[in-house]
Amino acid sequence: MCGIVGIVGKSNVNQALYDALTVLQHRGQDAAGIVTSHDGRLFLRKDNGLVRDVFQQRHMQRLVGHMGIGHVRYPTAGSSTSAEAQPFYVNSPYGITLAHNGNLTNVEQLAKEIYESDLRHVNTNSDSEVLLNVFAHELAVRGKLQPTEEDVFAAVSHVHSRCVGGYAVVAMITGYGIVGFRDPNGIRPVVFGQRHTDEGVEYMIASESVALDVLGFTLIRDLAPGEAVYITEEGQMYTKQCANNPKLQPCIFEHVYLARPDSIMDGVSVYKARLRMGEKLAEKIRRERPEHDIDVVIPIPDTSRTAALELANHLGVKFREGFVKNRYIGRTFIMPGQAARKKSVRQKLNAIELEFRGKNVMLVDDSIVRGTTCKQIIQMAREAGAKNVYFCSAAPAVRYPNVYGIDMPSAHELIAHNRTTEQVAELIGADWLIYQDLPDLIESVGGGKIKIEHFDCAVFNGEYVTGDIDDAYLERIEQARNDAAKVKTQAVSAIIDLYNN
């Protein structure tokens, strides 16, 4: 879960890139970076931290140029060293910088190929740097002093043939232009748009349409699976399908949790999808407990608010805001280490006793991953005087890890893994737990005016759309993602950063 942006403008793009990254901050709070190009030179600033902390006035003044890319990241597999902040840079050919959202599932094989066949050195553990070197190599073998759009598209085509996984990419070729491309399954999102100025047309590529909206760009469309868009430094735009057998299978968890509700993804309104999730949940509650005794529906801020509102409307039950959120605490989902997550929940939310005292409360969240957060929230509701605490998840039970760019924990850290709904309810302390059914979730997202037939639903059903995931692979990521490994990696990263600073 990262955010990417690229802009080809008619004036300095540093402020626009900064503004876009602040809009995409929800996609990553661990590190941020911007690189711009001016007169054949690159200007880069990246570091750990929020966008507002990484970029000070002195940094912004140095980021000159009419073309640039940016990135916000969150730690993958526990890594949080600033050495892995993006964008990454490689000097040959031309000088290429790249920012990436997603994860390559064949990264070990690629890293070996890059060293043994491409004769390139990779300096970090990031699959983004591997992807950059694959793209750079495929562009270099074209042997052109000045690359054309066909050279760029040919390189992307070879990237698709070599790289497996979910990825949305923006890359800047110094002095020539910016390219954006998406994996052949369209797992990770990316859109592009334009705006008209007195100097001419400017173009923007971003993870979510909301970034375009805020900066006054008009959405052209999503990149299709396997498609690439290339925008020259002079402002000429080209697009081409670069994959042999593309098939749209986007990550459904984007609509559940990751994306902002005011975004449009693959033609689907995230807001409307979440409304339909609430409607489907209400229908399930009516089926299972037609004589329910729910007094009030309370969302767990912020992602679940839309679904909770529609749930309450369809049940004819009061909707109330029962928790006040401290907006200066990051998302607990992306915090490595159980202790940090437990501590942050109490700092992040505070219950309004008036809405709980003596009532049967239905709490609504977007999903349940580890169960750490919802267990504490249920306890908070009881301490505020709730008579009964019911819990509703807008998503089905999360039983399997994600391998396409969302750093969900290892399977054994997922509370629903190998457990029944009743067992999960007991563990989190809920009097009643209800999950969304997967067919209903698919209908909620793919059943609007824009029909999407297939989704990556692997976290719910264990069916990985790239077809290359086996038990051995899951065991490897189990070792990388468990909390003990993350704590160890964090300690090493802290020592490295301290030494470097």
Side-chain angles (χ1 to χ4, degrees), residues 2-39 41-74 82 85-89 95-101 128 132 168-180 189-195 197 199-220 223 229-233 235 237 260 263:
C2 297
I4 59 172
V5 60
I7 298 177
V8 177
K10 298 300 181 182
S11 58
N12 284 334
V13 296
N14 52 356
Q15 186 64 53
L17 289 168
Y18 176 93
D19 293 341
L21 291 183
T22 60
V23 175
L24 297 173
Q25 186 76 85
H26 63 285
R27 300 190 66 87
Q29 303 167 9
D30 183 60
I34 290 174
V35 61
T36 58
S37 173
H38 179 65
D39 287 341
R41 292 188 61 192
L42 293 174
F43 302 87
L44 171 66
R45 166 63 181 172
K46 61 178 183 177
D47 203 352
N48 281 1
L50 300 175
V51 174
R52 66 174 184 236
D53 299 322
V54 171
F55 302 101
Q56 304 300 319
Q57 184 175 359
R58 66 184 185 276
H59 304 129
M60 296 297 292
Q61 289 172 341
R62 296 172 190 154
L63 294 172
V64 295
H66 299 177
M67 179 172 70
I69 63 175
H71 186 266
V72 288
R73 79 182 287 270
Y74 82 113
S82 58
Q86 299 183 39
F88 282 111
Y89 166 74
I96 302 173
T97 49
L98 179 144
H100 161 228
N101 173 34
S128 302
L132 166 61
V169 175
V170 287
M172 182 168 62
I173 306 170
T174 307
Y176 294 102
I178 288 179
V179 58
V190 61
V191 299
F192 64 102
Q194 65 181 17
R195 70 179 177 188
T197 68
E199 292 80 20
V201 181
E202 300 180 321
Y203 291 94
M204 179 176 176
I205 305 166
S207 292
E208 295 186 33
S209 64
V210 64
L212 277 67
D213 298 340
V214 170
L215 271 72
F217 283 77
T218 300
L219 174 67
I220 296 176
L223 275 179
V229 57
Y230 178 56
I231 305 156
T232 68
E233 193 172 31
M237 185 182 74
R260 274 183 42 157
S263 283

Between [X] and [Y], is there a donor-acceptor pair closer than 3.5 Å when you use the side chain of the first and the backbone of the second?
X      : Y      : answer
His71  : Cys2   : no
Arg45  : Met60  : no
Gln56  : Asp53  : yes
Asn101 : Ile4   : no
Lys46  : Ala85  : yes
Gln25  : Leu50  : no
Thr36  : Val64  : yes
Arg195 : Leu215 : yes
Asn48  : Ala31  : no

[Y] and [X], any side-chain heavy atoms less than 4.5 Å apart:
X      : Y      : result
Glu208 : Arg27  : yes
Ile34  : Asn14  : no
Val5   : Val170 : no
Val229 : Met237 : yes
Arg260 : Val23  : yes
Leu219 : Val191 : yes

To check you understand the geometry: which heavy-atom pair defines the closest contact between [X] and [Y], and what is its length?
X      : Y      : result
Gly175 : Ser37  : N-OG, 3.8 Å
Met67  : Gly177 : SD-CA, 3.5 Å
Leu98  : Ser128 : CD2-O, 3.7 Å
Gly70  : Leu21  : C-CD2, 3.8 Å
Gln194 : Tyr203 : OE1-CE2, 3.5 Å
Ile205 : Phe192 : CG1-CB, 4.1 Å

Rounded to the nearest 0.5 Å, what separation is found between the CG atom of Asn12 and the CD1 atom of Ile7?
11.5 Å
Nearest-0.5 Å distance, OH of residue Tyr89 to CD1 of residue Ile96
9.5 Å
Write out all pairs satisfying salt bridge (Lys or Arg N to Asp or Glu O under 4.0 Å) with one or both partners inside residues 58-70, taking only residues at least two apart or from two chains.
none
Ring-plane angle category for His66 and His38, please: parallel below 30°, perpendicular beyond 60°, tilted otherwise.
tilted
Counterpart residues, side-chain contact (heavy atoms from CB on, under 4.5 Å), relative to Val35 (two or more places apart)
Leu42, Leu44, Ile69, Pro87, Thr97, Met172
